[in-house]
Protein chains: 2
Amino acid sequence: MATPRRMGSETSETRFVLLDVTERVMLEDGYAAVSSRRIAKEAGVTPALVHYYFGTLDDLFIEVLRRRGEQQLERQERQLSSPQPLRALWKTSTDESGTALLMEFMALATHRKVIRAELAAYAEQFRKAQLDSLRDHLEEVGIDTKAFPPEALVVTLAALASTIIMEEALGMETGLRETRDLVERFLTQYEGPPEPRVGAKRARKPSPS
Amino acid sequence: MATPRRMGSETSETRFVLLDVTERVMLEDGYAAVSSRRIAKEAGVTPALVHYYFGTLDDLFIEVLRRRGEQQLERQERQLSSPQPLRALWKTSTDESGTALLMEFMALATHRKVIRAELAAYAEQFRKAQLDSLRDHLEEVGIDTKAFPPEALVVTLAALASTIIMEEALGMETGLRETRDLVERFLTQYEGPPEPRVGAKRARKPSPS
DNA sequence: GTCTATACTTCGATAGAC
DNA sequence: GTCTATCGAAGTATAGAC
């Protein structure tokens, strides 16, 4: 199978800029606002370059997804090996821009087969990594894993995080604080109160220098 | 304030058809596939008629949302006054097409101010209706509402339902069955096993006639 | 390896005929 | 109450010059 069409190199500066711009436009105006014209304009290049580097728009979306996915997988690895993995997981899961981008990809994936497959594969990878790390931890901290299986726990945390973030973004209020509190009590019960990360910056107090 | 532009009557047959078609297209191909041309074509009318009846596309979306919202509010009212309101709620919340349409509106609302306001208003109305009906019921069936406040409970049920449906649609698997089982056990613990609705059709057994 | 020029399609919305 | 005609903008994607 010969190369079906010419395509820009993987290390091109322009390529990176296009990926950055696409991510930003998805966050600001949604996946539907992503067009070769719009992305090119914001990147300061011509629309044809978008197709030169990525072929179709679906390919562009997939590249954005892959780049982000890799970053997040690495990030999650670090968090899962921290002293309070559940807390760390909760913190990332309630990251606003992360959730917003994921939602865009979810919406996109519902109607585009190739993107659905890619997104599902990443999501499964994420969840399995969580389970691998958390199973032992949950037993250790004393969670009744028979009544509350680790699988159900990670799904529940993910569901609550994305729902809270989405509804807050929508401007909703009813029940959100109570739900946040509930999760907070749960985390405190099993992992104790939040502790500053090892190596985290301390609050700086003004000192004479 | 005079009428700013001519607009079709509320009772027009064409108007209904346009709303139906829009809902279907949103489900099949997503909100981004909704255009006056596409909707008109599938409804067998000219594109100008879409603007004649609804003005802008955002207005069209809002009308679809209102129609559905009213239907669902009524449906929820009935469910909340059934003998197993939590079960009834869970059943509706895990309705596939309902969730899919809600997701489309969520994605749309993230980037369109007028739709966001409308959707948030409906969602709050839904949740408050749930709380009004469920507060007493939860106490009666013996849920520890201090540890698990009704507000957090309805958010959690909604979050789990939409997450499970979305992830199943995506083709994911890990943890979904365990989570469904967990909810099922919870429902059984407090409302008992599923009971056929009063007035529901019985399974028909072939009888000589 | 990079980009320009260009072909062709579809879009939202309106004015005005019927 | 409905439809025709139409504008200007924006859409995807490719061929081929540099």
Side-chain angles (χ1 to χ4, degrees), chain A residues 1-22 24-26 28-64 104 107-108 111-115, chain B residues 2-22 24-26 28-65 104 107-108 111-115:
Chain A
M1 258 202 320
T3 309
R5 61 176 291 147
R6 294 177 302 161
M7 199 161 287
S9 75
E10 295 260 332
T11 56
S12 159
E13 169 69 17
T14 303
R15 210 186 116 99
F16 273 103
V17 173
L18 291 174
L19 290 174
D20 288 341
V21 168
T22 303
R24 207 193 66 228
V25 169
M26 287 181 79
E28 285 174 0
D29 296 333
Y31 72 85
V34 172
S35 70
S36 35
R37 277 182 140 92
R38 168 82 185 268
I39 300 302
K41 190 173 185 177
E42 305 222 1
V45 301
T46 57
L49 269 193
V50 176
H51 295 285
Y52 166 63
Y53 281 107
F54 300 100
T56 71
L57 288 183
D58 275 2
D59 295 330
L60 170 59
F61 283 126
I62 286 180
E63 287 305 306
V64 172
E104 288 301 323
L108 190 54
H111 307 288
R112 313 251 195 137
K113 207 174 174 183
V114 288
I115 293 170
Chain B
T3 309
R5 60 177 291 146
R6 294 180 303 164
M7 199 161 288
S9 76
E10 296 260 331
T11 56
S12 158
E13 170 68 16
T14 303
R15 211 187 115 99
F16 273 103
V17 174
L18 290 174
L19 289 174
D20 287 342
V21 169
T22 303
R24 207 193 66 228
V25 170
M26 286 181 78
E28 285 175 358
D29 295 334
Y31 72 85
V34 173
S35 69
S36 39
R37 287 182 143 90
R38 167 85 183 266
I39 300 302
K41 190 174 185 177
E42 305 220 1
V45 301
T46 58
L49 267 194
V50 177
H51 295 287
Y52 167 65
Y53 281 109
F54 299 100
T56 70
L57 289 183
D58 275 3
D59 295 329
L60 170 60
F61 283 126
I62 285 180
E63 287 306 306
V64 172
L65 178 56
E104 289 300 324
L108 191 52
H111 307 288
R112 312 251 197 138
K113 208 173 174 182
V114 289
I115 293 170

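A note on names: the letters A, B, ... follow the listed sequences, proteins ahead of strands, and every chain is numbered from 1. Computation of the quantities below employed the complete heavy-atom set of this structure, encompassing side-chain atoms and omitting hydrogens, waters and symmetry-equivalent molecules. Since we're looking at a predicted model, the values are computed, not measured.
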Can you check the [X] [atom1] to [N] [atom2] distance for me, whole Å?
{"X": "B/Phe16", "N": "D/dG1", "atom1": "CZ", "atom2": "P", "value": "14 Å"}
{"X": "A/Arg37", "N": "C/dT6", "atom1": "CZ", "atom2": "P", "value": "14 Å"}
{"X": "A/Phe61", "N": "D/dT12", "atom1": "CZ", "atom2": "P", "value": "9 Å"}
{"X": "B/Tyr53", "N": "D/dG1", "atom1": "OH", "atom2": "P", "value": "7 Å"}
{"X": "A/Ile39", "N": "D/dA13", "atom1": "CD1", "atom2": "C1'", "value": "16 Å"}
{"X": "B/Leu57", "N": "C/dA13", "atom1": "CG", "atom2": "C1'", "value": "9 Å"}
{"X": "B/Arg38", "N": "D/dG11", "atom1": "CZ", "atom2": "C1'", "value": "16 Å"}
{"X": "B/Leu18", "N": "D/dT2", "atom1": "CG", "atom2": "C1'", "value": "12 Å"}

Can you tell me how far the [atom1] atom of [X] sits from the [atom2] atom of [Y], to the nearest 0.5 Å?
{"X": "A/Arg37", "Y": "A/Thr46", "atom1": "CZ", "atom2": "OG1", "result": "11.0 Å"}
{"X": "B/Ile39", "Y": "B/Phe54", "atom1": "CD1", "atom2": "CZ", "result": "10.0 Å"}
{"X": "B/Asp58", "Y": "B/Ile115", "atom1": "CG", "atom2": "CD1", "result": "4.0 Å"}

inquiry  = Please tell me whether A/Tyr31 and B/Tyr31 form a close aromatic pair, meaning their ring centres lie under 6.0 Å apart.
reply    = yes
ask   = What nucleic acid atoms does B/Val34 come within less than 4.0 Å of, heavy atoms only: base, sugar-phosphate, or nothing?
value = sugar-phosphate
ask   = Reckon B/Ser35 touches a base, only the sugar-phosphate, or nothing at all at heavy-atom distances under 4.0 Å?
value =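 Sugar-phosphate contact only.
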request  = By nearest nucleotide on DNA chain D, pick out whichever of A/Leu49 and A/Ala33 is the more 5' one.
outcome  =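 Nearest-nucleotide comparison on DNA chain D picks A/Ala33.
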Under-4.0 Å side-chain N/O to phosphate OP1/OP2 contact, A/Tyr52 with C/dG1 = no
message = Looking at C/dA13, I'd like to know if its phosphate oxygens (OP1 or OP2) sit under 4.0 Å from a side-chain N or O belonging to B/His51.
response =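 Yes.
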message = Could you tell me if the side chain of A/Val45 sits less than 4.5 Å from the side chain of A/Leu18, heavy atoms only?
response = yes
ask   = When you measure from the side chain of A/Ala48, which nucleotide among D/dT14, D/dT4, D/dT12 comes out closest?
value = D/dT14
